[in-house]
Amino acid sequence: MEIVLPHRVEYEVRDHVSIEDVIGTLRANQRLAQELGPFLESLFEGLTVEHSTLRVEDISTGSLREYFFLALIVAFQEDLKQEVPALLEKWLGMPVSTEYDSVVTVCIMVMLFYGADYVYRR
């Protein structure tokens with residue numbers, strides 16, 4: 001028989017959290033998961049816990065994926081600034097003024113990023 005115990009860790013902090021702190025918290029939670037088996041066995045006679053695991057299902061708000069997305073935009077900024085407005089002109093059949101290339105590119109990229117995230121979560 002398998003029993004799944006949901007566990008959630010959520011932080012509300014004002015400052016940035018270092019990677020070392022996140023790693024330390026994950027290790028502490030892993031240790032709790034490892035010690036839960038023997039603890040439950042001591043509480044319930046005849047209970048045997050064969051293994052326990054801990055999974056990270058989601059990291060959000062300031063996650064690495066957002067930083068990766070930002071790094072992609074910065075790395076390909078010049079190419080995107082030329083190609084995204086041209087693609088938008090092709091799709092809509094309307095010209096995009098060159099003075100708005102950067103704004104249009106950022107807006108389209110943000111819509112794509114969060115739109116894809118929304119579709120993925122659904």
Side-chain angles (χ1 to χ4, degrees):
M1 174 192 311
E2 179 180 2
I3 299 174
V4 177
L5 302 173
H7 176 69
R8 179 182 175 130
V9 178
E10 190 171 321
Y11 300 100
E12 291 186 26
V13 296
R14 294 176 195 217
D15 297 324
H16 295 285
V17 177
S18 71
I19 291 176
E20 291 81 15
D21 288 343
V22 173
I23 292 170
T25 302
L26 290 172
R27 284 189 176 143
N29 279 280
Q30 181 181 16
R31 179 135 186 217
L32 283 173
Q34 291 168 345
E35 293 180 5
L36 182 62
F39 176 70
L40 290 174
E41 287 175 345
S42 71
L43 290 178
F44 302 102
E45 187 176 323
L47 177 69
T48 303
V49 177
E50 294 177 6
H51 71 278
S52 62
T53 59
L54 187 66
R55 291 188 316 219
V56 175
E57 291 185 6
D58 185 32
I59 297 176
S60 59
T61 308
S63 70
L64 293 176
R65 69 180 173 181
E66 288 169 332
Y67 291 125
F68 177 69
F69 173 69
L70 183 60
L72 280 176
I73 288 179
V74 170
F76 297 102
Q77 181 177 4
E78 289 306 313
D79 293 335
L80 291 170
K81 204 162 88 173
Q82 293 172 4
E83 294 175 17
V84 170
L87 185 62
L88 194 60
E89 286 178 13
K90 184 178 178 182
W91 284 347
L92 300 177
M94 299 171 54
V96 176
S97 175
T98 56
E99 65 183 286
Y100 297 114
D101 283 354
S102 297
V103 174
V104 167
T105 300
V106 169
C107 289
I108 295 296
M109 295 303 295
V110 168
M111 287 177 10
L112 286 173
F113 178 75
Y114 287 106
D117 184 57
Y118 176 79
V119 169
Y120 173 76
R121 290 178 188 271
R122 291 285 165 206

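Starting from 1, each residue takes its place in the sequence as its number. Keep in mind that this is a model prediction, so the values were computed, not measured.
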Checking Asn29 now: which residues fulfil side-chain contact (heavy atoms from CB on, under 4.5 Å) with it, not counting sequence neighbours?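 Expected list: His7, Val9, Thr25, Leu32, Leu54.
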If Ile, Leu, Val, Met, Phe, Trp and Tyr residues are connected whenever their side-chain heavy atoms lie under 4.5 Å apart, and connections chain through other members, are [X] and [Y] in the same group?
| X | Y | answer |
| --- | --- | --- |
| Val104 | Leu92 | yes |
| Tyr114 | Val119 | no |
| Val103 | Ile108 | no |
| Tyr120 | Tyr118 | no |

Does [X] reach the main-chain N or O of [Y] with its side chain, forming a donor-acceptor pair under 3.5 Å?
| X | Y | value |
| --- | --- | --- |
| Ser18 | Asp21 | yes |
| Gln34 | Ser52 | no |
| Glu89 | Val96 | yes |

With rounding to the nearest 0.5 angstrom, report the [atom1] to [atom2] distance, [X] to [Y].
| X | Y | atom1 | atom2 | value |
| --- | --- | --- | --- | --- |
| Arg122 | Asp117 | CZ | CG | 10.5 Å |
| Thr48 | Glu41 | OG1 | CD | 5.5 Å |
| Glu35 | Leu40 | CD | CG | 12.0 Å |
| Leu47 | Phe39 | CG | CZ | 11.5 Å |

[Y] side chain reached by [X] side chain, heavy atoms, under 4.5 Å:
| X | Y | answer |
| --- | --- | --- |
| Leu80 | Met109 | yes |
| Phe76 | Asp79 | yes |
| Glu20 | Val22 | no |
| Val49 | Leu36 | no |

What's the shortest heavy-atom distance between Thr105 and Pro85, and which atoms?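 Residues Thr105 and Pro85, closest heavy atoms: OG1-CD, 3.6 Å.
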